[in-house]
Structure formats: C-alpha cells, structure tokens
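Each residue takes its place number in the sequence, starting with 1.
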Amino acid sequence: MLNHLRLILPARTRETSRCCSGFVSRMRYVNSLKEDDEACVTAMQTGRIFLFHRLAPLLQRTQQGTFRPICLPCPVVRSLLDHLGADSSLLKESVLIGCSEQKQAQFCLDVGQLDQASVEDTCGGNFVDLRKSFFLLGGVEAPLVAKGQALLRWHQTSGFCSATGQPTRRNQAGSQRVCTGSSGGVYYPTMAPVVIFLVSDGKRCLLGRQSSFPRGMYSALAGFCDMGESLEEALCREVAEEVGLQVQSISYSSSQHWPFPHSSFMLGCHASVSPAYTQLSVASTELEDARWFGLDEISSALQVKAPSRTSDPLTLWLPPKHAIANRLITEWTEQQRR
C-alpha cells in the first residue's frame, strides 16, 4: 500500500518578529506594485534593472574570479539606451521580479534589439546563455536571474489571446496579460509541474542518464505530471515507465523553479521500493541508462566538481548544487550515514 505523501519542512532557526515583519512588508510591497501601474512606474525610477540580451543575462566577473549579474539603476539604463540610439520607451518593457531587503524594486529588461557587443562594452560585462550562467552564479542570484528570464520568455511568447487571436496587453509590472478583444481573458505566467525523485531500496539509490547529459553524469529520475494526476500518481507512473519498478512509499523533500527547457516547477521527492524487487527494466526511449549506486560511490561523486574530459577515465558526476537533484542525493547520503 502506497503511503500518503509526507511533508518535510527544513528546520529553521527562530526568526525575530522584526525579520518576519520585514519579509511581510517586502512581499506586500511587491504585490502592491503588481496591482498599481502608476506605483510600479514610480518604483522603477529608483529601482534596479537586470539586463538580458535575447534571454541571456548580463554577467560580470568579480576580482575573486566569480560571476555576478549586473544590476543597473534605472537612470543608468535610460542613459545607456540614449547612448546606443534606442528609444528610452523600451524601459516600459521592464518586468518586475522582486525587491531587495531595502525594498528597492528589481526589474529585468531584454535589450535584444540592441547591438550585443556595444552593450557589453558599455556595461563592462558579457551576456551569457542561461544554461551556463545559471551555474556560474551564487545561490541567491541564480534563482533571481532564472525568474527574470522565465518572465521575459513568457511575455515574448504570449502576445496573443489563445481564444480570440487578438493581441494581449500587459500590466506595468508584467505579472499578467489581458486580451484586448471581446474575451477580456486574463493570462498569468505558468510553470509546468515536474516530479523529480530519488528511488532507494534502503541501501542503494537509483540514478539515470539521458544521451544529452554530459559525459559520466547521472541524475535523479524525473517526468512531467499528466493532466489530472496527483504528485504521487505521476511519480509512481514515471518509475514504472522508465525503470519498471513499483513504488512502496513516497516522502516530499522540496521544490524548485527550473528554467529549462521553459520554466518547470520541480517537485522533489524520495521514493522507496522493496529490496526484493529491484531488477531494472530500463525504457530505452526514456533513458540511455539507469543503475543502482551505493553510498561510497555517491559520496565520492558528490566531491566531483565537473565532468571528466574525454581523455580522462570516466568518472561519475552528479548535478551541481543549484539543482534539486543534488539536494535529493545529498539528503539520501546524509540519511544513510545516520
């Protein structure tokens, strides 16, 4: 019998009421900007803007050799547009993505119509494809940049109403689009739900790989939720389809927005199967390979920072720390050591 989904929340230190009050204040401030176009325009004048070029974020290398996204004050972006001969009205295309702890509104703007090299030279940075930049940034900056790209992509692909074919018009914050035709339908950015899961038989964990993965890389299994499915049903179906196993129990771990390929909502779980029934039947249409790994192998793989070169011996490589798959694998490793 499949156990009910268990919710596991990470332990947190007690926060003071002042910190909680600050968080609530920021969230309500951002929400107010979504509901008030004039307030959003005003906030932009003192806000900060992350620049993208055809959905690639603008990054700058620090003196320490790390990378950070370039975040510019609105007047500087306006001057940049003027300097490069662009209409400053492009600023109206900025999309709200949040606010800093100091309640300074944060926006993103795609300047893909400008010459890429000119923008890079003027700003002292480089536009880097998100598939690379996502893993070059720190833990706080990467999700923010991913959110910005996801919202910009949504606006670029949602210009028309699916019911009437008429153009849609966005609000100033970019949190919704409304059909300008007879339907008046309101559209909101969406994410596709994906269940990602680490299967264990109690002593080993199951990892798989697709042919598109880097050399030596294995990861937790994952799949999109079908219409009408619960999280548990989707997980059990995916395990049966991909590796031919039947799940006994499930526990929820955490979730993550994943910008690839087009904004997925990753729901991370642990799943257990009977140690007596662990023979794999890998669906070649889904996976290139899947296999069981022990604690020692996983512990060693977690120390590997990059895939092995083609000239080097093949080394097991796991998803980087930004990925929820890494979190699931790390949680399993810690559980095994207790």
Side-chain angles (χ1 to χ4, degrees), residues 26 29-30 32-63 66-130 132-134 136-137 140-142 144-160 167-178 180 189 259:
R26 293 195 303 274
Y29 173 63
V30 171
S32 71
L33 299 184
K34 294 178 181 179
E35 297 176 344
D36 188 330
D37 284 354
E38 291 187 6
C40 190
V41 171
T42 300
M44 189 190 306
Q45 306 312 309
T46 57
R48 297 275 177 162
I49 301 177
F50 294 87
L51 294 184
F52 290 72
H53 190 279
R54 297 180 182 177
L55 300 179
L58 182 63
L59 304 186
Q60 185 177 62
R61 185 187 290 271
T62 68
Q63 292 182 345
T66 59
F67 289 84
R68 65 177 182 85
I70 296 179
C71 189
L72 301 173
C74 181
V76 173
V77 176
R78 183 179 289 107
S79 297
L80 171 69
L81 297 177
D82 292 339
H83 174 69
L84 297 179
D87 191 338
S88 60
S89 64
L90 180 63
L91 275 170
K92 295 181 180 179
E93 300 301 314
S94 299
V95 177
L96 178 69
I97 56 176
C99 76
S100 67
E101 292 189 0
Q102 293 74 36
K103 291 181 68 173
Q104 187 175 52
Q106 298 166 319
F107 296 82
C108 59
L109 175 64
D110 197 297
V111 294
Q113 64 200 69
L114 303 182
D115 179 68
Q116 177 176 334
S118 297
V119 179
E120 291 176 335
D121 290 343
T122 304
C123 298
N126 295 99
F127 290 104
V128 182
D129 182 84
L130 190 65
K132 180 178 180 181
S133 60
F134 187 73
L136 294 175
L137 297 172
V140 176
E141 296 166 332
L144 190 64
V145 168
K147 179 180 180 179
Q149 194 233 40
L151 286 169
L152 291 171
R153 182 192 296 276
W154 179 75
H155 280 286
Q156 292 177 8
T157 58
S158 304
F160 296 89
T168 58
R169 182 180 62 251
R170 52 166 280 183
N171 64 342
Q172 185 57 55
S175 60
Q176 63 177 240
R177 300 189 72 93
V178 180
T180 58

>> Side chains of Arg78 and Gln45 only: does a donor on one sit below 3.5 Å from an acceptor on the other?
In response: yes

> Hey, is the main chain of Val128 close enough, under 3.5 Å, to the side chain of Asn126 for a donor-acceptor pair?
Replying inline: no

> Do Phe67 and Gln60 have side-chain heavy atoms sitting under 4.5 Å apart?
Replying inline: no

> Just how far is it from atom CG of Leu152 to atom CZ of Arg54, taken to the nearest 0.5 Å?
Replying inline: 14.5 Å

> Can you tell me how far the CZ atom of Arg48 sits from the CD atom of Gln102, to the nearest 0.5 Å?
Replying inline: 10.5 Å

> Leu91 versus Ile49: any side-chain heavy-atom pair under 4.5 Å?
Replying inline: yes

> Which heavy atom in Ser133 sits nearest to a heavy atom in Leu59, and how many Å separate them?
Replying inline: CB-CD1, 3.4 Å

> For the residue pair Lys147 and Ile97, what are the closest heavy atoms and their distance?
Replying inline: NZ-O, 2.9 Å

> In Å, rounded to the nearest 0.5 Å, how long is the span from CG of Leu55 to CD of Gln149?
Replying inline: 5.0 Å

> Can you find a pair of side-chain heavy atoms, one from Val77 and one from Cys74, that are under 4.5 Å apart?
Replying inline: no

> With sequence neighbours left out, which residue pairs that include part of residues 94-129 fulfil the ring pair (Phe, Tyr, Trp, His ring centres under 6.0 Å) condition?
Replying inline: His53-Phe127

>> When you compare the side chains of Ser175 and Asn171, does any donor N or O come within less than 3.5 Å of an acceptor on the partner?
In response: yes

>> Could you check whether any side-chain heavy atom of Leu144 comes within less than 4.5 Å of a side-chain heavy atom of Gln106, counting everything from C-beta outward?
In response: yes

> Is it true that a side-chain atom of Thr180 and a backbone atom of Thr168 form a donor plus acceptor pair closer than 3.5 Å?
Replying inline: no

> After noting the C-alpha distance and the side-chain angles of Leu80 and Val119, does the key distance pass the side chain to side chain contact (heavy atoms under 4.5 Å, CB included) rule?
Replying inline: CA-CA 8 Å; Leu80 171 69; Val119 179; 4.3 Å; yes

> Yes or no on side chain to side chain contact (heavy atoms under 4.5 Å, CB included) for Leu96 and Lys34, after CA distance, side-chain angles and deciding distance?
Replying inline: CA-CA 8 Å; Leu96 178 69; Lys34 294 178 181 179; 4.1 Å; yes

> Would Arg177 and His155 count as having a side-chain donor-acceptor pair, cut-off 3.5 Å?
Replying inline: yes

>> How close do Ile70 and Gly125 get, counting heavy atoms only, and between which atoms?
In response: CD1-CA, 3.8 Å

> Does Tyr29 offer a backbone N or O that forms a donor-acceptor pair with the side chain of Lys103 under 3.5 Å?
Replying inline: no

> side chain to side chain contact (heavy atoms under 4.5 Å, CB included) between Asp87 and Leu81: does it pass, once the steps are laid out?
Replying inline: CA-CA 7 Å; Asp87 191 338; Leu81 297 177; over 6 Å; no

>> For Ala39 versus Leu33, what's the shortest heavy-atom pair and its separation?
In response: O-CD2, 3.7 Å

> Is Leu109 close to Leu90 at the side-chain level, that is, under 4.5 Å between some pair of heavy atoms?
Replying inline: yes

> Are Leu51 and Leu72 close enough, and set up right, to give a side chain to side chain contact (heavy atoms under 4.5 Å, CB included), and what steps lead you there?
Replying inline: CA-CA 8 Å; Leu51 294 184; Leu72 301 173; 3.9 Å; yes

>> Are Arg170 and Glu93 packed together at the side-chain level, in the sense that at least one heavy-atom pair is separated by less than 4.5 angstrom?
In response: yes

> Minimum heavy-atom separation for Cys108 to Phe52, with atom names?
Replying inline: CB-CE1, 3.7 Å

> Would you say Asp129's side chain and Ala56's backbone share a donor-acceptor pair under 3.5 angstrom?
Replying inline: no

> Between Pro69 and Leu137, which heavy-atom pair has the shortest distance, and what is it?
Replying inline: CD-CD2, 3.6 Å

> Does any N or O in the side chain of Ser79 come within less than 3.5 Å of the main-chain N or O of Pro75, such that one atom is a donor and the other an acceptor?
Replying inline: yes

>> Are Pro57 and Leu130 packed together at the side-chain level, in the sense that at least one heavy-atom pair is separated by less than 4.5 angstrom?
In response: yes

